[in-house]
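As structure tokens, the structure follows; a few thoughts come after it.
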Amino acid sequence: MSSVMPVVMPDLANFSLHKIVYDVDFDDVAVPGLCGAFYRCPDGDRILSVGIYMADGVESFRAWGYVDEPHCAYHAVVSADGSWDGPYAGCPEVEVLTEAGRVTGVALTTRRHEYIVPVSRTRHRLGRALTSV
């Protein structure tokens, strides 16, 4: 028997950290400084996964779904005032922004707004700041 996916953001209290990915990529384009922390939780006979995406240590958006499905079931974006825009069905629309061949950020589009998440030239890894070249 499988569970029904919650339309609200999952409560992370029941999740365990699965992995952290630095310089997350979208469509094979790495975004320097964008970090993804992925959490998992058993849900009946399935595993629910939540990806929390952060730039400079600040949460930008979340996406979640079951690990046996090819795409996210829902997503939500943090708006400028700190409130959540979403959840919305499916994966977020993400466009990698570039200028003169250099990645400068990502654009996230929801049904209501477009958000720009800039990336810094400093990468944070295990609590140490490394300057990119």
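We're numbering straight along the sequence, starting at 1. Only this structure's heavy atoms are used, side chains among them; waters, hydrogens and symmetry mates stay out.
Across every non-hydrogen atom of Ser49 and Val67, the tightest pair is CB-CG1, 3.6 Å. A pairwise comparison of heavy atoms in Ala89 and Tyr74 identifies CA-CD2, 3.6 Å as the closest pair. In plain terms, the two heavy atoms of Pro118 and Ala55 that are nearest each other are O-CB, 3.9 Å. Nearest heavy-atom pair across Met54 and Glu59 is CG-CA, 3.7 Å. Among all heavy-atom pairs drawn from Ile20 and Cys35, the shortest one is CG2-SG, 3.6 Å. Closest approach of Phe61 to Trp84, counting heavy atoms only: CA-CZ3, 4.4 Å.
Side-chain contact between Val117 and Ser60 is present, with at least one heavy-atom pair separated by less than 4.5 Å. With contacts defined as side-chain heavy-atom distances shorter than 4.5 Å, the pair Val29/Val103 qualifies. Residues Val77 and Tyr88 have side chains not in contact (no heavy-atom distance under 4.5 Å, counting atoms from C-beta outward). Put simply, the side chain of Leu108 does not reach to within 4.5 Å of the side chain of Glu114, judged on heavy atoms. Put simply, the side chain of Pro87 reaches to within 4.5 Å of the side chain of Trp64, judged on heavy atoms. Annotation: side chain of Asp25 is not in contact with side chain of Val31 (no heavy-atom distance under 4.5 Å).
Within a 6.0 Å radius of CG in Asp27, other residues, nucleotides and ligands contribute 12 heavy atoms or fewer.
Formation of a donor-acceptor pair under 3.5 Å by the His75 side chain with backbone atoms of Gly86 is not found in this model. Using a distance-only test at 3.5 Å, with no hydrogens or angles considered, no donor-acceptor pair links the side chain of Asp56 to the main chain of Val58.
With sequence neighbours excluded, the residues forming a side chain to side chain donor-acceptor pair (under 3.5 Å) with Asp81 are Ser79, Ser83, listed by chain and number. Remark: Thr109 engages no residue in a side chain to side chain donor-acceptor pair (under 3.5 Å) (not counting sequence neighbours).
Under the 4.5 Å side-chain heavy-atom criterion for ILVMFWY residues, no single connected hydrophobic cluster contains both Leu97 and Phe26. Met9 is connected to Ile52 through a chain of hydrophobic side-chain contacts under 4.5 Å among Ile, Leu, Val, Met, Phe, Trp and Tyr, so both are in one cluster. The cluster map of Ile, Leu, Val, Met, Phe, Trp and Tyr, joined by side-chain heavy atoms under 4.5 Å apart, puts Val50 and Ile47 in different clusters.
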Margin query: Using the rule given for side-chain contact (heavy atoms from CB on, under 4.5 Å), can you reason through Leu48 versus Phe15, listing the C-alpha separation, both sets of side-chain angles and the distance that settles it, and then say yes or no?
Written below: CA-CA 9 Å; Leu48 184 58; Phe15 285 72; 3.6 Å; yes

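Here the SG atom belonging to Cys72 is positioned 14.0 Å from the OH atom belonging to Tyr66, to the nearest 0.5 angstrom. To the nearest 0.5 angstrom, Arg40 atom CZ is 11.0 Å from Leu17 atom CG.
Under the 6.0 Å cut-off for aromatic ring centres, Phe38 and Tyr53 qualify, their centroids lying closer than that.
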